[in-house]
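Heads up, the thing below is written out as structure tokens.
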Number of protein chains: 2
Amino acid sequence: MSSSRDGAGADPAELAWRAMRSLVLELHDKRAEVTDALGMSYIRAKALRSLVGGSMTMRELGAALAIDASYTTVVVDDLEQRGLVRRAVHDVDRRVKVVTITATGRAAARVAQRIMDEPPPALLALPPAELARLVATLTELVERSAAPKSEPKL
Amino acid sequence: MSSSRDGAGADPAELAWRAMRSLVLELHDKRAEVTDALGMSYIRAKALRSLVGGSMTMRELGAALAIDASYTTVVVDDLEQRGLVRRAVHDVDRRVKVVTITATGRAAARVAQRIMDEPPPALLALPPAELARLVATLTELVERSAAPKSEPKL
DNA sequence: TATAACAATTGTACGCCTACAACGACCCGG
DNA sequence: CCGGGTCGTTGTAGGCGTACAATTGTTATA
């Protein structure tokens, strides 16, 4: 019973994975920081970040946030009341509404983005060579984990 | 505006951090897997995992989960009704109740732990040398991030 | 012994999110 | 023009957590 003990995984891959999860989930909960700094729920901040790239329809925004259409209305209502977002009727199709981020909304989105992208101090203190290797390994892991849909030719 | 663009962070540390967050939060949402597999909320699964190490009082369990005393009652009520946990009055102090995990509860906790500890396939496919370097770097990051309380001597 | 302190419970109210039903306004094809 | 489909909205119900207030049973203290 030395290989499947309670909390002492000896497998290197498992060790790496647990360390990663610990860093992201426990040691540096950026999500909590964001909601705290902006005074809004995480999904609202995510909506703002989504809108930085350009205006979207309610439907598109809901899809981007993976939330229900009705809840999309609730979220946009809230953001609009805060003056972070504007709603306008689409020019050609008057059914759809186009959500556009405002200047203040953009500022809030920037704050959120900066908080989430700010690396832990320990990461900044890493020797350049070691950091470079880490980046190489991690980006490869991301690529190989992201939707391995039957290798897109190439 | 080439250094502070919208989503193209050039800083290596930032790249590493974003990759890590992407892996843990988006690409491999173990938390969702656990709640899905066990049919219970994450905090309930966390309660079970906490109890594997030994019985705890309601108060201790609440502290371990960082939840309110009243909500601790709710959680334990639920786990007890599922037969995953037992409540007993403390021998010496009859105010406190000792929560003990059952055999089935232990099995559920094991399932949860296994899901969360299971590394992404891409991580398992890494060359041993690269994996070893990754583990070394990550564990150091964890150590340096975890409560840097004025260097405990030594 | 009176009284304070503590553990657990119950109850209430709220915030956040999911899921679903129903509706009005609108577009589009027949 | 009419009927079917789409878009956004409103409403409802529920799960999950957080945060308090109040209560009961029990222990410790003055």
Side-chain angles (χ1 to χ4, degrees), chain A residues 25-26 29 31-51 55-82 84-100 112, chain B residues 25-26 29 31-51 55-82 84-100 112:
Chain A
L25 298 176
E26 302 164 21
D29 189 354
R31 208 176 137 130
E33 279 185 46
V34 166
T35 65
D36 208 56
L38 298 191
M40 68 176 67
S41 74
Y42 182 73
I43 214 165
R44 284 163 175 77
K46 192 173 177 183
L48 289 181
R49 287 188 295 120
S50 299
L51 290 169
S55 300
M56 305 172 71
T57 69
M58 294 292 291
R59 179 180 180 72
E60 289 168 342
L61 184 59
L65 301 178
I67 60 177
D68 190 52
S70 64
Y71 196 59
T72 306
T73 297
V74 173
V75 168
V76 173
D77 278 352
D78 183 28
L79 293 177
E80 195 174 27
Q81 283 177 0
R82 296 178 192 231
L84 306 176
V85 132
R86 276 184 301 110
R87 239 191 285 231
V89 179
H90 189 92
D91 291 354
V92 22
D93 191 339
R94 294 196 304 188
R95 284 174 303 181
V96 340
K97 303 208 176 153
V98 180
V99 187
T100 307
Chain B
L25 297 176
E26 303 164 19
D29 189 355
R31 207 175 138 130
E33 279 185 47
V34 166
T35 65
D36 208 57
L38 297 191
M40 68 177 67
S41 75
Y42 182 72
I43 214 164
R44 284 163 175 76
K46 192 173 178 182
L48 289 181
R49 286 188 296 121
S50 300
L51 290 170
S55 300
M56 306 171 71
T57 69
M58 293 292 291
R59 179 179 180 74
E60 289 168 341
L61 184 57
L65 302 178
I67 61 178
D68 190 52
S70 64
Y71 196 58
T72 306
T73 297
V74 173
V75 168
V76 173
D77 277 354
D78 183 28
L79 293 178
E80 195 174 27
Q81 282 177 1
R82 295 179 192 232
L84 306 176
V85 133
R86 276 183 301 110
R87 237 191 289 232
V89 179
H90 189 93
D91 290 356
V92 23
D93 191 340
R94 293 197 306 188
R95 284 175 302 181
V96 339
K97 303 209 177 152
V98 180
V99 186
T100 307

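Every chain is numbered from 1, with letters handed out A, B, ... down the list of sequences. These values consider heavy atoms only, across backbone and side chains, with no hydrogens, waters or symmetry-generated copies.
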Could you walk me through whether M40(B) and L79(B) pass the side-chain contact (heavy atoms from CB on, under 4.5 Å) check? CA-CA 9 Å; M40(B) 68 177 67; L79(B) 293 178; 4.2 Å; yes
Rounded to the nearest angstrom, tell me the gap between atom CZ in R59(B) and atom P in dT27(D). 17 Å
Given dG15(C), is OP1 or OP2 found less than 4.0 Å from the side-chain N or O atoms of R44(A)? no
Measure from OH on Y42(A) to C1' on dG17(D) and round the result to the nearest Å. 19 Å
Take the protein atom CG of L79(A) and the nucleotide atom C1' of dC16(C), then report the distance between them rounded to whole Å. 14 Å
Whole-Å distance, D78(B) CG to dT10(C) P, equals 14 Å
Spacing between K97(B) atom NZ and dT24(D) atom P, to the nearest angstrom: 15 Å
Audit row: R59(B), V96(B), side-chain contact (heavy atoms from CB on, under 4.5 Å) steps and yes/no: CA-CA 8 Å; R59(B) 179 179 180 74; V96(B) 339; over 6 Å; no
Which whole-number value in Å describes the distance from I43(B) CD1 to dA19(D) C1'? 14 Å
How about CZ on R82(A), more than 12 heavy atoms from neighbouring residues, nucleotides or ligands closer than 6.0 Å, or not? yes
Write down the atom of A64(A), the atom of M56(A), and the distance for their closest heavy-atom approach. CB-CE, 3.9 Å
How close do T35(A) and Y42(A) get, counting heavy atoms only, and between which atoms? CG2-N, 3.5 Å
Could you pull out the closest heavy-atom pair between V99(A) and R87(A), with the gap in Å? CG2-CG, 4.4 Å
Short side-chain N/O contact from T73(A) to OP1 or OP2 of dT10(D), under 4.0 Å: no
Between T72(B) and L65(B), is there a side-chain heavy-atom distance shorter than 4.5 Å? no
Which ones in residues 62-71 of chain B lie close to DNA chain C, meaning a heavy atom under 4.0 Å from one of its atoms? A69(B), S70(B)
Between the protein and nucleotides 22-30 of chain C, are there any N/O to N/O pairs under 3.5 Å, and if so, what are the atom names and distances?
residue: dC27(C); atom: OP1; partner: R94(A); partner atom: N; Å: 3.1

Once you apply a heavy-atom cut-off of 4.0 Å, does T72(A) come out as touching a base, just sugar-phosphate, or nothing? nothing
In whole angstroms, the gap separating P of dC7(D) from CE of M56(A) amounts to 14 Å
Whole angstrom is fine here: how far is it from CG in D36(A) over to C1' in dG15(C)? 15 Å
Side chain proximity check, R44(B) to V74(B), heavy atoms < 4.5 angstrom: yes
Shortest non-hydrogen pair, L38(B) vs A45(B), comes out as CD1-CB, 4.1 Å
